Amino acid sequence: MSALSLHGVSIRLGERLLLEVDASATADEPLTVMGPSGSGKSSLLAWLGGFLDSAFTANGEARLGDLIVTDLPASQRRLGLLFQDPLLFPHMSVAQNLLFALPPGATAKERRAKVEEALARVELEGLGDRDPATLSGGQQARVALTRVLLSGPRALLLDEPFSKLDTGLREATRKLVFQTARDEGLPTILVTHDEEDARAAGGKVLHL
Amino acid sequence: MLRYAPALTIALLIGPVLFGLAATLAPAFGWLPSLGGMELTFDHFHAFLAYPGVPLPLALSLATGLAATALGLLITFAFVAGWAGTPTFARMQHAISPLLAIPHAAAALGLAFLVAPSGFLMRLISPWLTGLERPPDWLIVGDPWGLTMIAGLVVKEVPFLLLVTLAALPQTQAVSGRRIATSFGYGRIAAFAFVTWPRIYGQIRLAVFAVLAYATSVVDVAVILGPSIPPTLAVRLTQWMADPDIALRFTASAGAVVQLAITGLAILLWIGGEKLASLLSVALRDHGLRMRRDGLARNTALTAMMATAATVFGGLTVLAIWSVAGLWQFPDTFPETLTTRTWARALPSMGDSLATTVTVAIASTALATLLTLGCLERETRTGRTGGNRALWLLYLPLIVPQVSFVFGLQLFFISARFDATWAALVLTHLVFVLPYVFLSLSDPWRAQDPRYGALAAGLGAKPSRVFWRIRLPMMTKPALTAAAVGFAVSVGQYLPTLLVGAGRYETVTTRAVALASGGDRRVLGAYAFAQMVLPFLAFLVATLVPALLHRNRRAMVATA
């Protein structure tokens, strides 16, 4: 299993150096990046995902095994993103959201079956035709996670994905996400300002 | 393709303005080989200035334009200052915003039908109050001072100014500003004037310039409501441009250059006025003026705003009644009988102009929407906006007087053998439709959460798929609303249609204005009614289609 490793990464806003990172993350040992807001931790994920604002400049590279992912266009990196909001596409049904993520191939029927199966795994069976806006916060978080997994990601990038959930829900969602990442063998980088998140992730913690 | 969208947009926007201006300037100085003008001369300016009764129209254009803009801005300012954040404000906002879609000419005709000596208002008070059995011989519509014309411009510009002010309001922390100032003992109007307005004005300044430029050079409203002996400069020029006497084209070109100078002078005077107003405001503020009891001012502003809405709606209602009126003698308040005869008579001849109106509006709006989407998508992908310069470019066709460049554009089209074609008409309308479509769509587009796009790319979607499947569908409602605005702008175009259509292509707007000088109020009512129904239908589509598409998507209905 390959690691997602950051080599000589630095991000600047204008002249100001925001961060310098040399670290790697695996499925068993996720990397947690902690820092106050404005420390540039989110811009690290933005750079990895391939949508860093042009006001920033970044150096260095990120590798998955031999593959230099930061050389690829954003749509070919296959780095699954989870934000603090579930960001389900509001104009699509739950199933359409998942179908959008599913790589092309297979018949419509098979694709639909895959989606139903994935929904069942997170205890959302039969909710495919629902409007995402009518789901509870916890259900939306689970759909968002399922959507990322269906896209066949090489790694997971988590941008404070639990900060907007209620305490009880936060525990359960955290467990689900990290357990799934481990089960699927997905190297994970988590950005947060919550110590609890870092503890739940296990692995290394990097303070900015 | 997408890469060229900004350049193509700028070319289609600025090209006609520059070519048009150049093609106006050249004949003004004697250069128009196709009509035998081969030498550079100032003769045409002399001829123009020597024309009997020319100085008065110049002064009239300047004064009516400045007065209409100042009054419209004052009403808007006082209303927003006095009422922002109240339930009354929200209600008025809903009542006023549809007025924006109504063509200037239709609103002006409505006003004429209200205030004319034989108009609805006089009927309301006759004969029981006035004792009049016959309409009085007063010159209300077309008064020599241009007062009715100023009123007609004000009632149409107030909704526009209100809308741009509302768009600027959220970025100014108006609520917290008002609370702080109120805690220091300031009245509502003073709090708004001292704390919030300077920031708003900075953002709406170009729109105010556009209003001023429009008001100093307007043709359709001036034909309907303005003085006729002599008319305003722009009306006089339009008459010359359409005159069979070809020699008058040179004089008209010289006049169009003078019109450019008049509008420029109006803007300079306005900038001087801005400086004065700002000095005065700062002096009053430093002096500690609180205006704690501003109830009278607030109520005056509200009354003015309600009068604006009532005038336009009332005028349109009277127009609609005329189109179905049977016998309707003075001083009867309402017609004795109602009939569909007018419509039966008008519809067959209306068909062609209706078809031209709708097809030109749809084509120019579709082009404008495509170009706008291309520019905005390009902006999203590169992260680079055009900034302030782009805003100036967008406003350029709205600030350069239409008579000053559309006339030249027509001459240019003639020399390219492209005149009086449907395509030329669409391209000309595009110049005026594009800025409005872009201005309406850019704010909601830029407010879109960029994380959706990032997330979709992370799921493996290529940029084109992110656009077609995520960004565009999520923008359905704002995009259709912007298109409806564009459609309404196209329907309302008078001068560009008149000059470039050259009589071959007529729209309901050019027909309505042409009929305004005749006596048939019923047919005129029918055309003016068609003029306001078309934009209304466009907005209806822009409301219904997203509601149908997203009927089961709560978040789309809520956010849109």
Side-chain angles (χ1 to χ4, degrees), chain A residues 42 45-56 69 72-94 96-104 129-135 140 144 146-159 161, chain B residues 2-3 6 376-387 390 444-481 545-560:
Chain A
S42 286
L45 289 198
W47 173 69
L48 279 168
F51 46 90
L52 188 65
D53 191 283
S54 55
F56 295 86
V69 279
L72 298 172
S75 60
Q76 287 169 32
R77 293 185 185 185
R78 284 168 46 207
L79 300 176
L81 293 156
L82 279 180
F83 294 99
Q84 51 184 306
D85 301 296
L87 297 176
L88 302 177
F89 303 129
H91 57 297
M92 300 180 181
S93 70
V94 169
Q96 285 168 336
N97 263 280
L98 299 181
L99 285 167
F100 182 84
L102 199 62
D129 289 329
R130 285 275 289 274
D131 174 2
T134 62
L135 300 185
Q140 292 192 22
T146 309
R147 183 173 65 172
V148 163
L149 295 175
L150 278 180
S151 74
R154 295 185 172 111
L156 285 185
L157 306 178
L158 312 179
D159 191 353
Chain B
L2 201 60
R3 190 163 359 143
L376 290 172
E377 173 66 11
R378 172 89 182 144
E379 182 182 301
T380 304
R381 289 191 198 174
T382 60
R384 284 195 304 261
T385 68
W445 184 277
R446 287 169 185 156
Q448 221 181 356
D449 190 337
R451 293 177 303 171
Y452 282 108
L455 200 136
L459 297 175
K462 286 200 190 67
S464 61
R465 188 156 185 253
V466 178
F467 173 75
W468 288 109
R469 293 287 308 277
I470 306 296
R471 269 199 283 273
L472 185 58
M474 285 178 68
M475 283 282 119
T476 309
K477 175 139 191 178
L480 285 174
T481 304
V545 168
L548 270 174
L549 276 179
H550 300 134
R551 61 191 177 284
N552 295 323
R553 299 284 175 261
R554 215 167 58 188
M556 291 300 293
V557 177
T559 57

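Here is the naming used below: chain letters follow the sequence lines, and residue numbers restart at 1 for every chain. Computed from a predicted model, the values in this text were never measured in an experiment.
- Between chain B and the options A:P132, A:P73, A:S151, the largest number of non-hydrogen pairs under 4.5 Å is found for A:S151.
- Between B:R451 and A:Q84 there is a side-chain heavy-atom pair separated by less than 4.5 Å.
- Of all the listed residues (B:R384, B:R381, B:R465, B:H550), the one sharing the greatest number of non-hydrogen pairs under 4.5 Å with chain A is B:R465.
- The most heavy-atom pairs under 4.5 Å with chain B, out of A:V148, A:D53, A:D85, A:L150, come from A:D85.
- B:R553 has its side chain within reach of A:S93: a pair of non-hydrogen atoms, C-beta onward, lies under 4.5 Å apart.
- The backbone N or O of B:R469 lies less than 3.5 Å from a partner atom in the side chain of A:H91, making a donor-acceptor pair.
- For chain B, no part of A:L102 is nearby; none of its heavy atoms comes within less than 4.5 Å.
- Shown here for A:S75 and B:P463, the closest heavy-atom pair between the two residues is OG-CD, 4.3 Å.
- A:F89 touches chain B through backbone and side chain together, each having a heavy atom under 4.5 Å away.
- A distance of 10.5 Å separates CG in A:L157 from CG in B:L455, rounded to the nearest 0.5 Å.
- Here B:A454 is the residue among B:A454, B:G460, B:G383 with the most heavy-atom pairs under 4.5 Å with chain A.
- Within the 4.5 angstrom heavy-atom criterion, no atom of A:D159 approaches chain B.
- With a 4.5 angstrom heavy-atom cutoff, A:L79 touches chain B only via backbone atoms.
- Taking each heavy atom of A:F100 and B:L459 in turn, the nearest pair found is CD2-CD1, 4.1 Å.
- When heavy atoms are compared at a cutoff of 4.5 Å, A:S54 approaches chain B solely by way of its side chain, counted from C-beta outward.
- Rounded to the nearest 0.5 angstrom, A:D131 CG and B:R551 CZ are separated by 12.0 Å.
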